[in-house]
Amino acid sequence: MAKGYWIAHVDVSDPEAYKAYVAANAVAFAKYGGRFLVRNGERQMREGALRARHVVIEFKDYATALACYDSPEYSAAAMLRAEASKCDLVVIEGYEGPQPG
């Protein structure tokens, strides 16, 4: 079964308030087994335009990624995020098909 991912691009407008979101989202991620693969590391924008922060979170499967997003734990955290940032977030199923080469 393919893994599930959250891919988020975020502009933080209130860094202090955003810390409350980070603390609150940890509850949902721990419950649903979310694992950070990317958490705003060094980057070079090569094409297009995106927000300032970039996050990729991996889950055991797509259903679990959706369940985490829809959970009461994450809903509470998301309200904190909305007050401190602008975010584009997609929940997406991983790919396990053939690869080039």
Side-chain angles (χ1 to χ4, degrees):
M1 182 174 291
K3 293 186 178 186
Y5 299 89
W6 289 15
I7 302 172
H9 305 284
V10 184
D11 285 332
V12 176
S13 56
D14 184 342
E16 285 304 309
Y18 195 78
K19 289 177 185 177
Y21 163 69
V22 170
N25 73 27
V27 174
F29 297 155
K31 179 176 180 179
Y32 291 90
R35 184 172 83 94
F36 286 94
L37 300 180
V38 175
R39 197 170 192 183
N40 200 41
E42 188 173 337
R43 69 233 172 246
Q44 293 182 9
M45 188 66 183
R46 297 298 177 120
E47 294 184 33
L50 291 172
R51 298 190 182 275
R53 295 179 58 87
H54 311 284
V55 179
V56 178
I57 303 168
E58 179 183 74
F59 295 86
K60 72 177 182 175
D61 55 39
Y62 180 62
T64 302
L66 289 172
C68 183
Y69 186 84
D70 294 334
S71 71
E73 295 87 357
Y74 189 73
S75 293
M79 290 185 348
L80 297 170
R81 186 197 69 223
E83 295 174 8
S85 67
K86 298 286 186 196
C87 178
D88 299 312
L89 187 148
V90 62
V91 179
I92 190 166
E93 183 179 35
Y95 177 72
E96 292 189 341
Q99 297 293 334

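Treat the numbers as computed from the prediction; the structure is a model and nothing was measured.
Partners of Ser13 by side chain to side chain donor-acceptor pair (under 3.5 Å), not counting sequence neighbours: none found. Listed by chain and residue number, His9, Arg43, Leu50 satisfy the side-chain contact (heavy atoms from CB on, under 4.5 Å) test with His54 (two or more places apart in sequence, or in another chain). With sequence neighbours excluded, no residue forms a side chain to side chain donor-acceptor pair (under 3.5 Å) with Glu42.
In the hydrophobic clustering, Met79 connects to no other residue, as no ILVMFWY side-chain heavy atoms lie under 4.5 Å from its own. When hydrophobic side chains of Ile, Leu, Val, Met, Phe, Trp and Tyr are connected at separations under 4.5 Å, Tyr21 ends up clustered with Trp6, Val10, Val12, Tyr18, Val22, Phe29, Tyr32, Phe36, Val55, Ile57, Phe59, Tyr62, Leu66, Tyr69, Tyr74, Leu80, Leu89, Val91.
Rounding to the nearest 0.5 Å gives a distance of 10.5 Å between SG of Cys87 and CZ of Arg53. Atom NZ of Lys3 and atom CG of Leu37 lie 8.0 Å apart (nearest 0.5 Å).
Residues Ala2 and Glu96 come closest through the heavy atom pair CA-OE2, 3.4 Å. A pairwise comparison of heavy atoms in Ala28 and Glu73 identifies CB-CB, 3.8 Å as the closest pair.
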Would Glu83 and Asp14 count as a side chain to side chain contact (heavy atoms under 4.5 Å, CB included) here? Give the steps. CA-CA 8 Å; Glu83 295 174 8; Asp14 184 342; over 6 Å; no
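Residues Lys31 and Ser71 form no side-chain contact, since every pair of their non-hydrogen atoms from C-beta on lies 4.5 Å or further apart. Residues Arg46 and Gln44 meet the side-chain proximity criterion, which asks for heavy atoms closer than 4.5 Å.
Here ring pair (Phe, Tyr, Trp, His ring centres under 6.0 Å) pairs that include residues 80-101, with residues two or more places apart or in two chains, number zero.
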